[in-house]
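All heavy atoms count here, side chains included; hydrogens, waters and symmetry mates do not.
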Amino acid sequence: MKVLVIGSGGREHAIVDALSRSAKVEKIYAAPGNAGMAAQAECVNIGVTDVEALRDFALENKIELTVVGPEAALAVGVVDVFKAAHLRIFGPTKAAARIESSKEFAKELMAKYNIPTSGFKAFTSYEEARDFVAGRPFPAVLKYDGLAAGKGVVIAQDMEEADAALKDMLLDDKFGEGKVVVEDFLTGPEFSFMCFVSGHKVWPMELSQDHKRAFDGDKGPNTGGMGAYSPLPFITDEDKEYALSHVLQPVADAMVEEGCPFEGVLYGGLMKTPDGVKVIEFNARFGDPETEVVLPRLKSDIVDIFCAVADGGDTQLEWHDFATLGIVLASKGYPDAYEKGHEIKGLDAVESHLYHMGTCEKEGRILTAGGRVLFVVGRGATLKEAREMALRDVEKIECDNLFHRSDIGYQAFK
């Protein structure tokens, strides 16, 4: 089978890596791909939102399966365009992807179908939002109602911080024109629950936890994720079963009921609060960096799963019982301004899984080309062993413009 993977980050590198383990795959293309994927896939210089060019490439090259990585491609309707051309594609339609691309749509869906989440109110007016926040207790959760590459959420500790965020989102259009959703603040450990979904059918993946803050101790600004690990010792089997039966399955059923059945990966960003498991957010695709620690644990052939979801068939998921823990190496300054083009050395010495997130190759040298640059994923019989392996390999990588967190997985080591 010829397979096309749309995207250029660590998540897509992990998807390419999983596909390369299948005996059913003859050739993998990545559009646009990155320097790390080039060892397993042929990189094609087509942007993730250039949906007509992607469709034409798939037709010309007789691609039998396309897998969509990033939310930007889903939000512009790449799945709809491919389906209209009778091409098999893994991912939700533009209408179904609203569960991620519109926070308000997701919140209203949860309210209608009694899915546990925090209270909320949406605003387009800066003045009205400011007055509403000023009359409520802090911290205040402020979310941009659209796609913001994982950076459109601010947990404001006081009015000054809230006001700055509201100005960014509603007056200065930092992420584009849109609304702001103000939510009640919840407490408890967060976890990521990804499921393969095809209409009413839901196949759960192993759980993982992401680390959003830039620095150790959960300090600094929110990022797209600085590390992740799997499994999670503090989430019980009962918690997982509750989340499946009260959140993920009901949402899949609700999307069918609403006339936009979901196909692809439904990602539940959940929190184990003192009042039970509640939804923080939904994504309409594989999480990044969670995918890079979950897919290495998948024992089943991922091609069978992708095809079952896309074709409305049946499948089964089997998992390895080892643990995985991954550490992101990011450009200094990320998630704000950062430099590109710094050379990276020592990659050949890394024994862990190494996923490229933002790199490029120039004259045989690997250079930094993004905010998040590399993802080192250790594995072991325990999370402690996995973390030791990842930290050991991070030290082998030489670059004068990278930083990382050293406390990934700290909630599992309490």
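Contact detail for Val78 and Leu74: the closest heavy-atom pair is CG1-N, 4.2 Å. Here the closest heavy-atom approach between residue Ala308 and residue Ser198 is recorded as O-OG, 4.3 Å. Nearest heavy-atom pair, Leu244 versus Val202, reported as atom, atom and distance to 0.1 Å: CD1-CG1, 3.8 Å. The two residues Pro70 and Ile6 come nearest to each other via the heavy atoms CD-O, 3.0 Å. Considering all non-hydrogen atoms of both residues, Ala129 and Leu170 come closest at CB-CD1, 4.1 Å. The two atoms that bring Ile99 and Ala284 nearest to each other are CG2-CB, 4.1 Å, heavy atoms only.
In this structure a side-chain-to-backbone donor-acceptor pair under 3.5 Å is missing from Arg285 to Gly69. Between the Thr117 side chain and the Val279 main chain, a donor and an acceptor come within less than 3.5 Å of each other. Looking at Ser352, its side chain never comes within 3.5 Å of a backbone N or O of Arg379 through a donor-acceptor pair. Checked by atom type and distance alone, the side chain of Asp158 pairs as donor or acceptor with a backbone atom of Glu160 at under 3.5 Å. Not a single donor-acceptor pair under 3.5 Å links the side chain of Tyr144 to the backbone N or O of Met169. Here the side chain of His13 pairs a donor or acceptor atom with the backbone of His356 at under 3.5 angstrom. Judged by distance alone, with hydrogens and angles left aside, the side-chain atoms of Lys340 form no donor-acceptor pair with the main-chain N or O of Ser331 at under 3.5 Å. Side-chain atoms of Gln40 never come within 3.5 Å of backbone atoms of Met37 as a donor-acceptor pair (strictly under, hydrogens ignored). Remark: the backbone N or O of Asp163 is not paired with any side-chain donor or acceptor of Arg130 at under 3.5 angstrom. Between the side chain of Thr324 and the backbone N or O of Val293, at least one donor-acceptor pair lies under 3.5 Å.
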Steps toward side-chain contact (heavy atoms from CB on, under 4.5 Å) verdict (Lys103, Phe120): CA-CA 10 Å; Lys103 302 286 189 294; Phe120 74 101; over 6 Å; no
Verdict with reasoning, Leu374 to Ile397, per side-chain contact (heavy atoms from CB on, under 4.5 Å): CA-CA 10 Å; Leu374 294 166; Ile397 297 171; 4.1 Å; yes
Derivation of the side-chain contact (heavy atoms from CB on, under 4.5 Å) call for Thr359 and Val373: CA-CA 6 Å; Thr359 63; Val373 177; 3.8 Å; yes
Steps toward side-chain hydrogen bond (donor to acceptor under 3.5 Å, both in side chains) verdict (Thr291, Asp288): CA-CA 6 Å; Thr291 301; Asp288 191 359; over 6 Å; no
Pair Met255-Arg98, side-chain contact (heavy atoms from CB on, under 4.5 Å): steps then yes or no: CA-CA 10 Å; Met255 295 295 278; Arg98 283 179 299 162; over 6 Å; no
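Between Tyr229 and His211, the angle of the ring planes lies from 30° to 60°, which puts this pair in the tilted group. Ring geometry, Phe403 versus Phe215: the interplanar angle falls from 30° to 60°, so the pair is classed tilted. Classified by interplanar angle (parallel below 30°, tilted 30° to 60°, perpendicular above 60°), the ring pair Phe123/Phe132 is tilted.
Taking the charged nitrogens against the carboxylate oxygens, Glu64 and Lys24 have no contact shorter than 4.0 Å, which rules out a salt bridge. One finds a salt bridge joining Lys396 and Asp393 here, because a Lys/Arg side-chain nitrogen approaches an Asp/Glu carboxylate oxygen to under 4.0 Å. Checked for salt-bridge contact, Lys384 and Glu388 meet the test: a charged N lies under 4.0 Å from a carboxylate O.
Note: Ile327 CD1 to Arg387 CZ = 8.0 Å, rounded to the nearest 0.5 Å. Rounding to the nearest 0.5 Å gives a distance of 4.5 Å between CD of Glu343 and CZ of Arg365. For the atom pair CD1 of Ile408 and CG of Leu391, the computed distance is 9.0 Å after rounding to the nearest 0.5 Å. Within the model, atoms CG of Leu317 and CG of Asp301 stand 11.0 Å from one another, a figure rounded to the nearest 0.5 Å. Between the OG1 atom in Thr66 and the CZ atom in Phe82 there is a gap of 4.5 Å [rounded to 0.5 Å]. With rounding to the nearest 0.5 Å, the separation of CD in Glu206 from CE in Met194 is 10.5 Å.
Side-chain contact annotation: Arg372 with Thr223, donor-acceptor N/O pair under 3.5 Å absent. One side chain, Asp216 or Ser406, offers a donor N or O that lies under 3.5 Å from an acceptor on the other. Using a 3.5 Å distance cut-off with no hydrogens or angles, the side chains of Thr93 and Asp80 do not pair a donor with an acceptor.
A 4.5 Å side-chain heavy-atom check between Asp237 and Glu241 finds every atom pair outside the cut-off. The side-chain heavy atoms of Phe196 and Phe90, taken from C-beta on, include a pair separated by under 4.5 Å. Taking 4.5 Å as the limit, every side-chain heavy atom of Ile305 sits out of range of all side-chain heavy atoms of Trp203. Side-chain contact between Glu71 and Asn283 is absent, with no heavy-atom pair separated by less than 4.5 Å. Between Thr368 and Cys399, some side-chain heavy-atom pair lies under the 4.5 Å cut-off. Considering only heavy atoms from C-beta on, Pro296 comes within 4.5 Å of Tyr355 through its side chain. Considering only heavy atoms from C-beta on, Thr273 comes within 4.5 Å of Asp275 through its side chain. The shortest side-chain heavy-atom distance between Ile15 and Phe306 falls under the 4.5 Å cut-off.
Figure legend: Lys27 and Tyr29 shown as a cation-pi pair, the cationic atom lying under 6.0 angstrom from the six-membered ring centre and within 45 degrees of its axis. Judged by the 6.0 Å distance and 45° axis criteria, Arg11 is not positioned over the aromatic ring of Phe286.
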Please output the side-chain donor-acceptor pairs of residues 183-192 that fall under 3.5 Å, not counting sequence neighbours, one pair per line with the distance.
from   : atom 1 : to     : atom 2 : distance (Å)
Glu183 : OE1    : Ser118 : OG     : 3.2
Glu183 : OE1    : Lys143 : NZ     : 3.4
Glu183 : OE2    : Lys143 : NZ     : 3.3
Asp184 : OD1    : Arg136 : NH1    : 3.3
Asp184 : OD1    : Arg136 : NH2    : 2.9
Asp184 : OD2    : Gly119 : N      : 3.3
Ser192 : OG     : Tyr267 : OH     : 3.1
Ser192 : OG     : Glu290 : OE2    : 2.7

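With a 6.0 Å radius and a threshold of 12 heavy atoms from other residues, nucleotides or ligands, Lys121 has its NZ atom at or below the threshold. Annotation for Asn45: atom CG does not count as buried by contact number, only 12 or fewer foreign heavy atoms lying within 6.0 Å.
Take Arg405 and apply the salt bridge (charged side-chain N to carboxylate O under 4.0 Å, His left out) test, not counting sequence neighbours, and it matches Asp218, Asp407.
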